[in-house]
There are 2 protein chains.
Amino acid sequence: MSPTSSADQAAAPPRRNDRRRARTRARLIAAAREMLVNPHYAERSIAEITEAADVGLGSFYNHFASKPELFDAAVAEVLEEHGALIDAATSDITDPAEAFAVGVRYTGRLVITHPQIAQVLATKGMSLLDATTGLAPRLRRLLVAGQKSGRFADIRPEVAAVSVGGSLLGLLHLWLGAPESVDESWCDEMVERLLVMLGLDATEATTLARAPLP
Amino acid sequence: MSPTSSADQAAAPPRRNDRRRARTRARLIAAAREMLVNPHYAERSIAEITEAADVGLGSFYNHFASKPELFDAAVAEVLEEHGALIDAATSDITDPAEAFAVGVRYTGRLVITHPQIAQVLATKGMSLLDATTGLAPRLRRLLVAGQKSGRFADIRPEVAAVSVGGSLLGLLHLWLGAPESVDESWCDEMVERLLVMLGLDATEATTLARAPLP
């Protein structure tokens with residue numbers, strides 16, 4: 001009996017189980033994502049989460065070891081989606097400095113376009129800098145590409161990344177705390193100065209940070 | 001009867017009370033400061049705090065509405081002391097760019113000189129940017145002085161402040177998380193790039209960020 005035919009014979013029930021498992025997990029994450037809108041999401045009970053997800057209470061621990069693990073997965077999914085949107089918006093841009101400007105400007109504007117995601121970013125804070133999905137790896141790739149192409153000065157990528165990430169988190173904190181006085185021009189001014197920090201001259205930094213967004 | 005003589009006659013007992021009140025408050029803050037060394041300080045009970053302070057359990061609420069209020073006061077005191085140290089170290093420096101470099105380099109080095117204060121800064125995070133004592137007001141004064149004297153480019157002080165503060169918090173996060181691989185030269189590189197961001201040319205930024213500290 002070949003492994004293939006053995007697999008064929010035995011596969012049907014496990015596959016159905018796998019699909020059910022995946023569906024339950026997806027429902028839990030979807031419910032957690034809805035809850036992220038509320039700044040006090042971490043206080044929701046597991047019973048509330050499984051009820052919102054329309055899955056059995058007992059199934060929670062088949063998928064997640066703890067509530068924070070579920071919310072981390074939900075946050076990772078949201079940020080990965082935002083990262084994919086930036087990828088799509090910058091796919092035709094070959095200059096890493098220009099792609100950097102677009103990505104950071106879109107991310108700052110989350111305060112207006114997706115305030116709940118901006119709030120999640122602000123709440124997660126610096127721990128996001130260590131993430132292996134979402135925004136941090138994309139930022140690192142851009143910084144390294146910018147250095148390789150000679151667009152950016154020769155700075156430790158980690159130092160550049162914490163400076164950019166920290167500045168962006170600082171802006172989100174400022175903007176979310178005073179939405180009536182901060183606007184997009186503050187974000188663009190920060191991007192302009194970050195481009196100068198990375199080594200661009202001020203005139204070009206201004207052009208890139210004020211250009212129409214794709 | 002003049003108000004003065006009335007005060008003279010009635011003052012003795014209240015003054016003694018005031019001194020006792022001030023002493024109890026100072027003891028509570030001192031106990032809280034000791035506890036800040038432990039990353040889980042917020043979990044300590046009020047009974048543990050009053051016992052460590054050697055004051056009556058009931059006296060706590062005469063001074064603080066809540067445990068976070070006490071710890072906030074303790075953090076504010078620690079950071080105000082660090083700010084005063086920076087003031088002393090930079091009192092002879094007339095150039096705001098140079099004073100900025102010294103202050104940020106000392107603050108980054110807290111990871112080595114006072115790791116518990118560095119940890120408190122990292123834990124408090126962006127909320128420190130809104131503080132009216134400690135580091136935030138000193139940073140704002142330097143940024144405004146640097147702009148007035150023409151040393152720094154014309155940037156909204158709030159934007160410059162969140163970029164500097166966010167970068168510094170990012171560096172503390174990075175350094176505290178990997179003390180074996182990060183060192184002072186990373187901090188100085190960040191300061192160099194922040195000076196470039198603020199408008200200095202790269203050569204001068206390098207000089208200021210690598211000069212011997214006072």
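Chain A is the first sequence line, chain B the second, and so forth, proteins listed ahead of strands; every chain is numbered from 1.
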Is it the backbone or the side chain of L174(A) that comes under 4.5 Å from a heavy atom of chain B, or both, or neither?
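The answer is the side chain of L174(A).
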Part of A161(A) lying under 4.5 Å from any heavy atom of chain B:
neither
Quick one: pull up CD in Q116(A) and OH in Y41(A) and give me the separation to the nearest 0.5 Å.
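So the gap between those two atoms works out to 12.5 Å.
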Compare every heavy atom of [Y] with every heavy atom of [X], then report the nearest pair and how far apart it is.
{"X": "E48(A)", "Y": "M35(A)", "value": "O-CE, 3.9 Å"}
{"X": "R44(A)", "Y": "K67(A)", "value": "O-NZ, 2.8 Å"}
{"X": "F152(A)", "Y": "L143(A)", "value": "CD1-O, 3.8 Å"}
{"X": "A136(B)", "Y": "L129(B)", "value": "CB-O, 3.6 Å"}
{"X": "F60(A)", "Y": "T50(A)", "value": "CB-CG2, 4.0 Å"}
{"X": "G103(B)", "Y": "T107(B)", "value": "O-OG1, 2.8 Å"}

Chain A contact residues among residues 76-102 of chain B, heavy-atom distance under 4.5 Å
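Listed by number, there are no contacting residues, so the answer is none.
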Can you check whether anything in residues 192-205 of chain B gets within less than 4.5 Å of chain A, heavy-atom wise, and list it by number?
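Hits under 4.5 Å: R193(B), L194(B), V196(B), M197(B), L198(B), G199(B).
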For P157(B), does its backbone N or O pair with a side-chain atom of Q147(B) as donor and acceptor, under 3.5 Å?
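Checked: no pair found.
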Say whether, by atom type as modelled, one donor and one acceptor occur between the side chain of R105(A) and the main chain of C187(A) under 3.5 angstrom.
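Absent.
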Tell me, for S185(B) versus chain A, whether the close heavy atoms (under 4.5 Å) come from the side chain, the backbone, both or neither.
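Looking at S185(B), backbone and side chain both touch chain A.
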Of the listed residues (L168(A), L172(A), L169(A), I155(A)), which shares the most heavy-atom pairs with chain B below a 4.5 Å separation?
I155(A)
Which one of V164(A), L171(A), D130(A) has the most heavy-atom pairs closer than 4.5 Å to chain B?
D130(A)
Could D188(A) and R109(A) be called an ion pair, given the rule that one side-chain N must be under 4.0 Å from one carboxylate O?
yes
Are F71(A) and I49(A) close enough that some pair of their side-chain heavy atoms sits under 4.5 Å apart?
yes
With a 4.5 Å cut-off on side-chain heavy atoms, are L70(A) and H63(A) touching?
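No, their side chains stay 4.5 Å or more apart.
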